[in-house]
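Below is one structure; the comments refer to it alone.
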2 protein chains.
Amino acid sequence: MKIGELAAASGVPAKTIRYYEEIGLLPPAEREANGYRSYDRDALQRLRFVQHAQAAGLTLREISQVLAIRSEGRAPCVHVRELLHHHLVQIDARLAELRATRRELQDLARHAETVDPASCPEDVICSILVREG
Amino acid sequence: MKIGELAAASGVPAKTIRYYEEIGLLPPAEREANGYRSYDRDALQRLRFVQHAQAAGLTLREISQVLAIRSEGRAPCVHVRELLHHHLVQIDARLAELRATRRELQDLARHAETVDPASCPEDVICSILVREG
DNA sequence: GTACGCCTTCCAGTGCACTGGAAGGTCAAG
DNA sequence: CTTGACCTTCCAGTGCACTGGAAGGCGTAC
């Protein structure tokens, strides 16, 4: 499989695949006689793993760690569990912040609804914005 | 309040506060006779909002738009409402994404609990993260 | 034999959100 | 009068995850 085919099969741009190899996220690809990168099913699986892990919120560095642990022969399960737990905690904090911010925006929007547009000509500072808080 | 005091009160580094002013996220600060930036309570509040909104995943560009509504407010009411609505819609979308990601992580974490590291097959990278479906 | 699409490397840039450091001004304490 | 903490501007670098483009090689089709 050439890089373009792997790109098509995975949905990851060829450019990005080379970048992944460059930063050590993927091992150096096998080469054909002409110098073209050659990939097998395993490479596609690795790429899919990267996509899954990325979708789960892991950084490329963290994904590299998991792949590195794997290539050392140790099962990365424990490490992955730690990463997952870490990200769950982070996401919960993020959700709380997002909900708080939504409330703040909602308050602003509600206030906007109470303002009569007729009392807010285009050349005048909007009264929604003058409010303290 | 000088920039260092605002930094201490908000937890945002002075350097970052200047950067926020530079990119237009915060309005140009008042200056004392000696050229030092001078802040009031309102500035602290804006900074707190920035922190909340940022933790919620809004970009500084997006926060700028909302802050512009709050503090400058030169846009007509209709436009203000559109902006607020736009950001509410965006936040709701982010909330949905985040909740979906959380579910995915939760599923992975639950699966991780049931996996014996010794049983990680050689032909997959990690059976926790690489699952079909 | 040349047009075309794919491949190669290398270098550079993007966007976001900072962060560091140099060079210098201000101000109160010792 | 000096020390040290604070402040100023300006420029440059960091980390992440790409992305674009130049310059050139490879391979098949007409």
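Per chain, numbering begins at 1; letters A, B, ... match sequence-line order. When reading the values below, keep in mind they use all heavy atoms of this one structure, side chains included, and skip hydrogens, waters and symmetry mates.
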Restricting to salt bridge (Lys or Arg N to Asp or Glu O under 4.0 Å), what partner residues turn up for [X], sequence neighbours left out?
X: B:Asp40; answer: none
X: A:Glu62; answer: none
X: B:Arg102; answer: A:Asp92
X: B:Arg110; answer: B:Asp107

Partners of B:Arg37 by side-chain hydrogen bond (donor to acceptor under 3.5 Å, both in side chains), sequence neighbours excluded?
-> B:Glu21

With sequence neighbours left out, what residues match A:Tyr19 under side-chain hydrogen bond (donor to acceptor under 3.5 Å, both in side chains)?
-> none

Measure the distance from CZ on A:Arg37 to C1' on C:dC6 and round it to the nearest whole Å.
-> 13 Å

Which protein N or O atoms sit under 3.5 Å from an N or O of nucleotides 25-29 of chain C?
residue, atom, partner, partner atom, Å
C:dG25, N2, B:Tyr36, OH, 2.6
C:dT26, O4', B:Tyr36, OH, 3.2
C:dC27, OP1, B:Asn34, ND2, 2.9

With a 4.0 Å cut-off on heavy atoms, is [X] in touch with a base, just the backbone sugar-phosphate, or nothing at all?
X: B:Arg18; value: base
X: B:Ile23; value: nothing
X: A:Glu22; value: nothing

Sequence neighbours excluded, the answer for side-chain contact (heavy atoms from CB on, under 4.5 Å) partners of B:Arg48 is B:Leu44, B:Gln51

What residues form a side-chain contact (heavy atoms from CB on, under 4.5 Å) with B:Arg61, not counting sequence neighbours?
-> B:Thr59

Enumerate donor-acceptor pairs with a distance under 3.5 Å from any side-chain N or O in residues 6-16 of chain A to protein atoms, sequence neighbours excluded.
residue, atom, partner, partner atom, Å
A:Ser10, OG, A:Leu6, O, 2.8
A:Ser10, OG, A:Ala7, O, 3.4
A:Ser10, OG, A:Val12, N, 3.1

Tell me yes or no: between the side chains of B:His52 and A:Glu97, is some donor less than 3.5 Å from an acceptor?
-> yes

Near-strand residues of residues 87-101 of chain A, defined as heavy-atom separation under 4.0 angstrom from DNA chain C | none

Outermost nucleotides of DNA chain D that come under 4.0 Å of a non-hydrogen atom of chain A = D:dC16 to D:dG27

